[in-house]
Engineer: 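Dumping the structure here so I can ask a few things about it.
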Amino acid sequence: MSVAGAVFGDWDGSIAGARALQVELARQVSLRDGFRDPPRTLAGFDVGFEDAGGTTRAAVVLLDADTLQPRAAHVARVPTSMPYVPGLLSFRELPALLAALELLDERPDLVLVDGQGIAHPRRLGIAAHFGVVTGLPSIGVAKKPLAVRFDPPGPERGDRTPLLLGDERVGDALRSKPRCNPLIVSPGHEVSIDAATRLVLRYTTRYRLPEPTRLADRLASRRGALPLPGFDTDG
DNA sequence: GCGACAG
DNA sequence: ATCTTGTCGC
């Protein structure tokens, strides 16, 4: 069975087929708070590319939810199988994320993924797709909106405005740091909108991005080693 | 029909 | 995402 087959079931590889699969999987998303509250461990995921795009590189960082200190970090590399198509990001990056997840020897209580959750045209951004296929509670933290409209949140840390898909609220634009563009936060799976925003704010310290995603970012792009010594770093 | 469009 | 230095503003 192909890598895509193992991840995407009977997807025929077409754009139309991918969109149809998204609609089907989106029905399985739960917005109920099903995570251990408070979470003890967090995992942040992000993707980068090597070899002029030929290799997809996924990074995962496991953190202590109380101290926000990293406990483990891994990098997985898989051949890039698809180009970037707006709205179909997960079909390009999810296989690498799942490979990174398997390098973890512990199931995290909560996952943060760089990208959209349900703030997506068919309500299945990569964080929601990740949550449905893994069963893990997840949140999408994107740096830019995709298919939503929102008013700019106020200037203070914690200020937020609803993300609207038509007339439905699918997440929040969150000012995580003054003078920075708001984060685009939406639930992935097993997390409510309010909890998603509250948690992302809680895990944000002195930077724009919350620690889990920020550290995974540094590891996924080829310029970052993690700040702390003394824990295992694969990849 | 046209433009916009996570990473 | 990636190619890439300095620079302006708080």
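Just so it is clear: chains get the letters A, B, ... in the order the sequence lines come, proteins before strands, and each one is counted from 1. These numbers come from a predicted model, not from an experiment.
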Engineer: Quick one: do Arg36(A) and Asp109(A) make a salt bridge, cutoff under 4.0 Å?
Structural biologist: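 Salt bridge between Arg36(A) and Asp109(A), a charged N being under 4.0 Å from a carboxylate O: yes.
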Engineer: Taking the side chain of Glu93(A) as heavy atoms from C-beta outward, which of dC10(C), dA6(B), dG7(B) is closest to it?
Structural biologist: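 Selected nucleotide (nearest to the side chain): dG7(B).
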Engineer: Which is true for Gly140(A) with a 4.0 Å heavy-atom rule: it touches a base, it touches only sugar-phosphate, or it touches nothing?
Structural biologist: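 Gly140(A): no heavy atom of the nucleic acid under 4.0 Å.
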Engineer: Taking 4.0 angstrom as the limit, do Arg169(A) and Asp194(A) come out as a salt bridge?
Structural biologist: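 Yes, charged N to carboxylate O under 4.0 Å.
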Engineer: Take the protein atom CZ of Arg149(A) and the nucleotide atom C1' of dA6(B), then report the distance between them rounded to whole Å.
Structural biologist: 19 Å
Engineer: To the side chain of Lys143(A), which of dT2(C), dA6(B), dA1(C) is closest?
Structural biologist: dA1(C)
Engineer: Does the distance from a Lys or Arg side-chain N to an Asp or Glu carboxylate O, for Lys143(A) and Asp114(A), drop under 4.0 Å?
Structural biologist: yes
Engineer: State whether Glu156(A) and Arg175(A) are salt-bridged, where the test is any N-O pair (Lys NZ or Arg NE/NH1/NH2 against Asp/Glu carboxylate O) under 4.0 Å.
Structural biologist: no
Engineer: Pairing of DNA chain B as dot-bracket, 5' to 3': ( ) intra-strand, [ ] crossing, | other strand, . unpaired, with Watson-Crick or G-U pairs under 3.5 Å?
Structural biologist: .......
Engineer: With a non-hydrogen cut-off below 4.0 angstrom, is Pro145(A) in contact with a base, only sugar-phosphate, or nothing?
Structural biologist: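 Since only primed, P, OP1 and OP2 atoms lie under 4.0 Å of Pro145(A), the category is sugar-phosphate.
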Engineer: Can Tyr84(A) be classed as stacking with the base of dG7(B), given a centroid separation cut-off of 5.5 Å and a plane angle cut-off of 30°?
Structural biologist: yes
Engineer: Compute whether any side-chain donor of one residue and acceptor of the other, for Asp151(A) and Thr161(A), lie under 3.5 angstrom apart.
Structural biologist: no
Engineer: Checking all strands, does Gly48(A) fall into the base, sugar-phosphate, or nothing category for heavy-atom contacts under 4.0 angstrom?
Structural biologist: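 If one applies the 4.0 Å heavy-atom cut-off, Gly48(A) turns out to touch the sugar-phosphate alone, with no base involved.
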Engineer: Please classify the nucleic acid contact of Ile184(A) as base, sugar-phosphate, or nothing, using heavy-atom distances under 4.0 Å.
Structural biologist: nothing
Engineer: Could you state the NE2-P distance from His120(A) to dG7(B), rounded to the nearest angstrom?
Structural biologist: 12 Å
Engineer: Answer yes or no: is there an ion pair linking Arg123(A) with Glu168(A), defined by an N-O contact shorter than 4.0 Å?
Structural biologist: yes
Engineer: Rounded to the nearest Å, what distance is computed from the CG atom of residue Leu89(A) to the C1' atom of nucleotide dC5(B)?
Structural biologist: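 Distance, rounded to whole Å: 12 Å.
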Engineer: Tell me: CZ of Arg179(A) to C1' of dC8(C), nearest whole Å?
Structural biologist: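 It is 13 Å, rounded to the nearest whole Å.
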Engineer: Starting at CG of Asp51(A) and ending at C1' of dC3(C), how long is that distance when rounded to a whole Å?
Structural biologist: 15 Å
Engineer: With heavy atoms under 4.0 Å as the rule, sort Leu97(A) into base, sugar-phosphate or nothing.
Structural biologist: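 No contact at all - Leu97(A) keeps every heavy atom at 4.0 Å or more from the nucleic acid.
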Engineer: Calculate the interatomic distance between His129(A) atom NE2 and dG7(B) atom P; express it in whole Å.
Structural biologist: 18 Å
Engineer: Go through the steps to decide whether His129(A) and Phe8(A) satisfy the test ring pair (Phe, Tyr, Trp, His ring centres under 6.0 Å), and finish with yes or no.
Structural biologist: CA-CA 10 Å; His129(A) 197 159; Phe8(A) 302 117; 5.7 Å; yes
Engineer: Does Arg40(A), at its CZ atom, have more than 12 non-hydrogen atoms belonging to other residues, nucleotides or ligands within less than 6.0 Å?
Structural biologist: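 No.
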Engineer: Can you tell me the distance, in whole Å, between the OH atom of Tyr207(A) and the P atom of dC10(C)?
Structural biologist: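 In whole Å, dC10(C) P lies 21 Å from Tyr207(A) OH.
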Engineer: Round to the nearest Å and state the distance from Arg218(A) atom CZ to dA1(C) atom C1'.
Structural biologist: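 Computing the Arg218(A):CZ to dA1(C):C1' distance gives 18 Å.
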Engineer: Taking only the side-chain nitrogens and oxygens of Lys144(A), find out if one of them lies under 4.0 Å from OP1 or OP2 of dC5(B).
Structural biologist: no
Engineer: Closest to the Leu146(A) side chain: dC10(C), dT2(C), dA6(B)?
Structural biologist: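 Taking heavy atoms from C-beta onward, the closest nucleotide is dA6(B).
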